[in-house]
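In what follows, every chain begins at residue 1, and chains take the letters A, B, ... in the order their sequences are listed.
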There are 2 protein chains.
Amino acid sequence: MPSPHPAPTPQDYQALSEFRYQLRRFLRFSEDAAQAEGLTGLQYQLLLHIKGNPERDWALVGELAERLQIQQHGTVALVTRCEAAGLVQRVRSETDRRQVQVRLTARGEACLKRLAALHRAQLQSLSGVFQVAHISAFNDQL
Amino acid sequence: MPSPHPAPTPQDYQALSEFRYQLRRFLRFSEDAAQAEGLTGLQYQLLLHIKGNPERDWALVGELAERLQIQQHGTVALVTRCEAAGLVQRVRSETDRRQVQVRLTARGEACLKRLAALHRAQLQSLSGVFQVAHISAFNDQL
DNA sequence: CGCTGTTATGTCACAACATGATGTAATTGG
DNA sequence: CCAATTACATCATGTTGTGACATAACAGCG
């Protein structure tokens, strides 16, 4: 058994290509929106994951690394850039002095608020786009 | 009117954060799968967009730039790296000698075939994940 | 035909990003 | 109290994406 998967059909290639295209278009929108606020796409995502935690208004470096799916030391560098840009603030944990709590500054919060509103609107207008690729091309075959 | 959008709710932030998290997880899968074949995620996408064209078995640099949503000269560099890796081949167009047709090599085609099969399986198993974020959290409010 | 503007690709320098290798301080477990 | 682990950090390195710019080929027009 050389391959555990059946060979992709021409329709598979087309659907995968279209899916990645739509994905890139959304990420491009996100990147451009972030840059209009003076930040990068990654910096926006970092702020988003701090604010997106339902339990606390801060996040640990390691938690952010998991949400961003990058290495911890990549996150360290990103937090440093965000801190230099005045978007977040490092606070040493009282209970465990190894930990660093990353908190939003007022400026970070304001940027995030505007960007999140834009993204919410964009995703609402895109409802269905991401499904199209895999539902119509893949699930139809099931 | 300072803002054309209503302020995001805590649920909006959570849903946006979760959506980007799932997106990153998928992209991480894609990146890892590509690296297991010895290429990068971008290189896989380039191959995919060549093969994903229903009309031809090649693509112009400019067309690839649009599908990848990056600048043309960024695409030039990517094509050069793919060519160096033996995945694609540049062919000057006969009809318009400004144009360069990017074609898959046998090796590129083989890598792509395996990666596309993996991605198809992964997306099938993910059916619903991308919807979850914006359908459940956004569309419910409409 | 020759001039101009546009299109398609390419080059170069630069900053952001992601990783591997490695380090340091704080906490935990025996 | 020592060893192992955890959390964060630094450094050097390679990839990536962009802006500024260059080159070559086509297209339209007088």
Side-chain angles (χ1 to χ4, degrees), chain A residues 20 23-25 27-32 34-47 49-50 58-85 87-103, chain B residues 20 24-25 27-46 50 58-85 87-103:
Chain A
R20 295 307 284 256
L23 220 48
R24 287 293 302 148
R25 299 237 303 173
L27 294 174
R28 164 65 41 202
F29 160 84
S30 180
E31 184 77 30
D32 290 347
Q35 299 232 341
E37 286 282 343
L39 22 166
T40 69
L42 251 191
Q43 291 172 349
Y44 159 66
Q45 287 181 71
L46 185 108
L47 304 188
H49 289 312
I50 296 174
W58 49 267
L60 301 177
V61 173
E63 293 170 344
L64 291 170
E66 162 63 20
R67 297 291 282 188
L68 294 168
Q69 290 283 300
I70 56 179
Q71 303 285 339
Q72 287 206 357
H73 53 279
T75 311
V76 167
L78 179 59
V79 168
T80 300
R81 288 191 296 269
C82 284
E83 198 173 29
L87 299 168
V88 303
Q89 189 182 359
R90 277 181 163 95
V91 180
R92 276 274 163 204
S93 166
E94 294 292 320
T95 59
D96 184 338
R97 301 199 52 75
R98 288 172 305 178
Q99 298 184 339
V100 168
Q101 302 174 354
V102 184
R103 298 173 179 271
Chain B
R20 294 307 285 256
R24 286 294 301 148
R25 300 237 301 174
L27 294 174
R28 162 68 39 203
F29 159 84
S30 180
E31 184 77 30
D32 290 347
Q35 299 231 342
E37 285 283 342
L39 24 166
T40 68
L42 251 191
Q43 291 173 348
Y44 159 66
Q45 287 180 71
L46 185 109
I50 296 174
W58 49 267
L60 300 176
V61 174
E63 293 171 343
L64 292 170
E66 162 63 21
R67 297 292 283 188
L68 294 168
Q69 290 284 297
I70 57 178
Q71 303 286 338
Q72 288 204 356
H73 53 277
T75 310
V76 167
L78 178 59
V79 169
T80 300
R81 289 191 296 269
C82 284
E83 200 174 27
L87 299 168
V88 303
Q89 188 182 0
R90 275 180 165 96
V91 180
R92 276 274 165 204
S93 165
E94 293 293 321
T95 59
D96 185 337
R97 301 198 52 76
R98 288 171 304 178
Q99 298 183 339
V100 168
Q101 302 173 354
V102 184
R103 298 174 179 270

(message) Applying side chain to side chain contact (heavy atoms under 4.5 Å, CB included) to A:Val102 and A:Leu60, what does each step give before you reach the verdict?
(response) CA-CA 6 Å; A:Val102 184; A:Leu60 301 177; over 6 Å; no
(message) Under the criterion side chain to side chain contact (heavy atoms under 4.5 Å, CB included), I'd like the reasoning laid out for B:Arg24 against A:Gln45: C-alpha separation, chi angles, the key distance, then a yes or no.
(response) CA-CA 10 Å; B:Arg24 286 294 301 148; A:Gln45 287 181 71; 3.7 Å; yes
(message) Checking B:Val76 against B:Val100 for the side chain to side chain contact (heavy atoms under 4.5 Å, CB included) test, could you report, in this order, the C-alpha distance in whole Å, the side-chain angles of both residues, the deciding distance, and whether it holds?
(response) CA-CA 10 Å; B:Val76 167; B:Val100 168; over 6 Å; no
(request) Check step by step if side-chain hydrogen bond (donor to acceptor under 3.5 Å, both in side chains) holds for B:Thr40 and B:Arg81. (result) CA-CA 10 Å; B:Thr40 68; B:Arg81 289 191 296 269; over 6 Å; no
(message) Does B:Tyr44 form a side chain to side chain contact (heavy atoms under 4.5 Å, CB included) with A:Arg20? I'd like the steps, not just the answer.
(response) CA-CA 11 Å; B:Tyr44 159 66; A:Arg20 295 307 284 256; 3.9 Å; yes
(message) Each nucleotide in nucleotides 8-18 of chain D should get exactly one letter: B, S or -. Can you fill that in based on protein heavy atoms under 4.0 Å?
(response) BBB-----SSB
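Here the P atom of nucleotide D:dA7 and the CG atom of A:Leu64 are 13 Å apart, to the nearest Å. Residue A:Leu27 contributes atom CG, which lies 14 Å from atom P of C:dC17 at whole-angstrom precision. Rounding to whole angstrom units, CG of residue A:Leu46 and C1' of C:dC17 are separated by 14 Å. Atom CD in B:Glu83 sits roughly 13 Å away from atom C1' in C:dG10 (whole-Å rounding). Summarising the geometry, the separation between CZ on A:Arg97 and P on C:dA26 is reported as 8 Å, rounded to the nearest angstrom.
Contacts of B:Arg103 classified as side-chain contact (heavy atoms from CB on, under 4.5 Å), with partners at least two apart in sequence or in another chain: B:Asp57, B:Trp58, B:Val91, B:Gln101.
Within 4.0 Å of A:Thr95, counting heavy atoms only, lie sugar-phosphate atoms of the nucleic acid but no base atom.
A residue-by-residue look at A:Asp96 and A:Glu31 shows that A:Glu31 has its nearest nucleotide of DNA chain C further toward the 5' end.
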